[in-house]
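Because only heavy atoms are used, hydrogens play no part in the values below, and waters and symmetry mates are left out as well, while side chains stay in. Counting convention: from 1, in listed order, for ligands and their atoms alike. Keep in mind the model is a prediction, meaning the values are calculated, not measured.
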Amino acid sequence: MKFAMIGAGAMGLRYGILLQEAGNDVTFIDTWQPHIDKIREQGGVYVMRDHENRHLVDIKLETPETYDDDPDMFIFFTKQMQLADYLERCAHFFKPKHYAFTCMNGMGHIEKLQQYFDDDKIIGGTALIATVLPGPGEVDFMGKPGAGKMNMCPLNEKPDAMCKQLYNELEKGHMNPTLTDDFMGTLMTKVIFNSVINTICTMFEIQMGEFGNFSGFDQMARQLIDEAYDICARADIHLVSSRKEEMIALERNTRIDMPLHYPSMYQDMTNDRPTEVDYINGYIAKLGEKYGYNAPTHKFVTQAVHLAEYHRQNEKKMREQQEPKETIAI
Ligand code: NAD
């Protein structure tokens, strides 16, 4: 298949490179200039797995303004707050026949994709696949080859030939896809999962195992899950896991599967970038309001993450002010 990856960050590179290795024609489209410059200068992307085996992989890289091709499918891996700008800049090469696939975290992206793609050509999903972008031009695939898994579902819940072809290519790329039959349920189950781990570990800047093994983990996780599940029940969203299964998945992920990992949101915090919390806990709280349900814990966590962002910005400003200014000897 011919793919264009919109967003060549951690996940765009992981999906794109694995699809390329599975024999597909892949082009990456990105806008972060230091990353673009580095990839061009070194003749590709340095790929590692669990910090080891650093090697150069040749990729085709374009910007929204230079891309001029006709793929079968666009795969979107931007941060939620970057998507509107990417879509606007890329709109000139979207055609009615094109498919859009994404496994971005949070919610808000589907409505934006619907402005550019037909509903029967949008495929959503979720990825339990950890990837880090240590800096421009390099990517670190966390976990052994074949580790991690993902869910995918077409927006109209009717998988067509293109959706099945995508599934096959993802399987060949060892991404362990599962085709589910409930679009909103699939996406919201992951949003709720992230609303516990990503946000709490990010605001305290701790590894997932530290949270999972904390004596208050069960109570904190249960409170967030209960609010979110109550809201989804009111919104008639059929989650793909029960509350109990979601708790077990959280315990397993933090204590057994990834105790030494930081969630992807943590990378934004430590790079002084805005987090996606408004599209995760914030989205759940807003959905609650729509259905007359107050979600104080999700509202509180949203603001607590913003406070952590604000604190880091202030610390950064103070560090910059304290740095000795260059003096000119005359
Ligand atoms: P990313 O931040 O690595 O990349 C997204 C975009 O931001 C790319 O265009 C990239 O070039 C740009 N970018 C990266 N660092 C930047 C910087 N310092 N300054 C300016 N621009 C920068 O994002 P990602 O981790 O690939 O995530 C994409 C989506 O997938 C998000 O919704 C995320 O929550 C989700 N996701 C991520 C992971 C993961 O492990 N990384 C796992 C599951 C889902």
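Counting atoms of ligand 1 from 1 in the listed order, those under 4.0 Å from a heavy atom of E276 are 31 (C), 32 (O), 33 (C), 34 (O). Near Q82, with a cut-off below 4.0 Å to any heavy atom, the atoms of ligand 1 are 5 (C), 6 (C), 7 (O), 12 (C). Near H35, meaning under 4.0 Å from any of its heavy atoms, are these atoms of ligand 1: 11 (O). Atoms of ligand 1 lying under 4.0 Å from any heavy atom of T78, numbered from 1 in the order shown and given with element: 28 (C), 29 (C), 31 (C), 32 (O). Short contacts between ligand 1 and A127, defined as distances under 4.0 Å to a heavy atom of the residue, involve ligand atoms 43 (C). Residue L133 has at least one heavy-atom neighbour below 4.0 Å for each of these atoms of ligand 1: 3 (O), 14 (C), 15 (N). Remark: ligand 1 atoms within the under-4.0 Å shell around heavy atoms of A130 are 40 (O).
Looking at residues two or more places apart in sequence or on another chain, you find no salt bridge (Lys or Arg N to Asp or Glu O under 4.0 Å) involving D160. With sequence neighbours excluded, the residues satisfying side-chain hydrogen bond (donor to acceptor under 3.5 Å, both in side chains) with D278 are H306.
Here the closest non-hydrogen pair linking M208 and I197 is CG-CG2, 3.5 Å.
One option in T131, L128, L83, N271 has a heavy atom closer to atom 41 (N) of ligand 1 than any other, and that option is T131.
Heavy-atom neighbours of D70 CG from other residues, nucleotides or ligands within 6.0 Å: above the threshold of 12.
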